[in-house]
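Each ligand, and each atom within it, is numbered from 1 in the order the structure gives.
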Amino acid sequence: MLPPQLFHKILGVAFFVLPWCAQAVPPLDYNEMGDVVHQLEHRVSKLEEVLHLEKMITTSGEKVFATNGERADFDTAVKKCKEAGGSIASPRNPKENDAILYFVKKFNTYAYLGIKASLIPSKFQFLDGTPLTYTNWHSNEPSGKGEEACVEMYTDGTWNDKVCRKSRLIVCQF
Ligand code: MMA
Ligand code: CA
């Protein structure tokens, strides 16, 4: 904690320099704001191109899927994605499934999805409990009968229920 006298001093200085700050950064007019937005868009799209080149991101609609190329068990993958400000990749339609598949193929490694068995064994749902409206199970899957609570994506994009402690590619969504 800052001592009250020091806090007071800092506050005093802040208010003292405020008029100067306001002067040093004049307000932007409408056209200038447009320019700033344009420049930022340009920078962001260049960053996206680099990340795409490095096979670290791919987009589907509004969603951005990303990997750091690392592998982890299910709980660690969930944690890493959360720490990065996202969540573990959870495909809601064929296009999103394809976006995740892109990484699975590039890294030639299965990936865990943000899908888990519910209280009813062999019934699967998203991590927030919402039901699956789209599935892409491999033939004869899910097969675990309650013994395989997680779901991995194969290199053909189909899904397999699997134990959660394997090492799989970390793919997050943002
Ligand atoms: C493994 C395991 C299962 C999967 C079957 C498919 C033998 O178990 O990966 O999850 O359903 O293979 O043959
Ligand atoms: Ca299985």
Side-chain angles (χ1 to χ4, degrees), residues 34 36-174:
V36 170
V37 169
H38 193 83
Q39 284 164 17
L40 285 172
E41 281 173 348
H42 193 70
R43 288 298 290 249
V44 169
S45 81
K46 281 199 285 187
L47 285 173
E48 283 183 346
E49 281 160 27
V50 173
L51 290 172
H52 195 84
L53 179 74
E54 295 297 317
K55 300 178 179 54
M56 288 178 78
I57 64 160
T58 185
T59 55
S60 170
E62 289 290 288
K63 259 193 201 177
V64 177
F65 291 98
T67 185
N68 55 5
E70 288 175 16
R71 294 159 177 81
D73 61 47
F74 177 79
D75 287 342
T76 307
V78 167
K79 194 165 151 249
K80 293 248 173 190
C81 289
K82 260 192 206 149
E83 279 169 3
S87 56
I88 186 167
S90 314
R92 289 189 178 265
N93 56 53
K95 274 202 171 148
E96 292 188 1
N97 205 69
D98 274 353
I100 301 164
L101 176 60
Y102 167 79
F103 295 127
V104 169
K105 280 185 170 161
K106 291 286 175 202
F107 290 85
N108 193 30
T109 308
Y110 301 166
Y112 278 127
L113 303 175
I115 296 169
K116 257 199 143 171
S118 67
L119 289 174
I120 305 151
S122 72
K123 201 170 172 234
F124 288 79
Q125 59 188 21
F126 289 116
L127 299 191
D128 65 5
T130 53
L132 306 179
T133 51
Y134 157 78
T135 61
N136 197 33
W137 295 113
H138 193 265
S139 55
N140 303 320
E141 302 296 347
S143 64
K145 299 184 183 76
E147 297 294 310
E148 299 180 312
C150 285
V151 177
E152 64 185 357
M153 179 184 284
Y154 284 153
T155 44
D156 67 352
T158 60
W159 305 354
N160 171 41
D161 59 340
K162 187 79 179 179
V163 291
C164 304
R165 66 184 128 79
K166 296 285 171 183
S167 203
R168 295 289 178 260
L169 186 67
I170 302 174
V171 182
C172 310
Q173 62 185 24
F174 296 87

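Lys166 places none of its side-chain heavy atoms less than 4.5 Å from the side chain of Tyr110. A heavy-atom distance below 4.5 Å is not found between the side chains of Asp75 and Cys164. Side-chain atoms of Leu132 and Trp159, non-hydrogen and from C-beta on, do get closer than 4.5 Å to each other. The closest side-chain heavy-atom distance from Ser143 to Glu148 is below 4.5 Å.
Closest approach between the Ca ion (ligand 2) and any N/O/S atom of Glu141 involves OE1. Glu148 contributes atom OE1 as its closest N/O/S atom to the Ca ion (ligand 2).
If you put the vertex on the Ca ion (ligand 2), OD1 of Asp161 and OG of Ser143 sit 90° apart, to the nearest 10°.
Although no hydrogens or angles enter the test, the distance criterion places no donor-acceptor pair under 3.5 Å between the side chain of Thr59 and the main chain of Val64.
Between His52 and Tyr102, the angle of the ring planes stays under 30°, which puts this pair in the parallel group of the 30/60° scheme.
Closer than 4.0 angstrom to ligand 1 by heavy atom are Glu141, Ser143, Glu148, Asn160, Asp161, Lys162, sorted by chain and number.
Both cation-pi conditions hold for Arg92 and Phe126: the charged atom is under 6.0 angstrom from the six-membered ring centre and inside a 45 degree cone around its axis.
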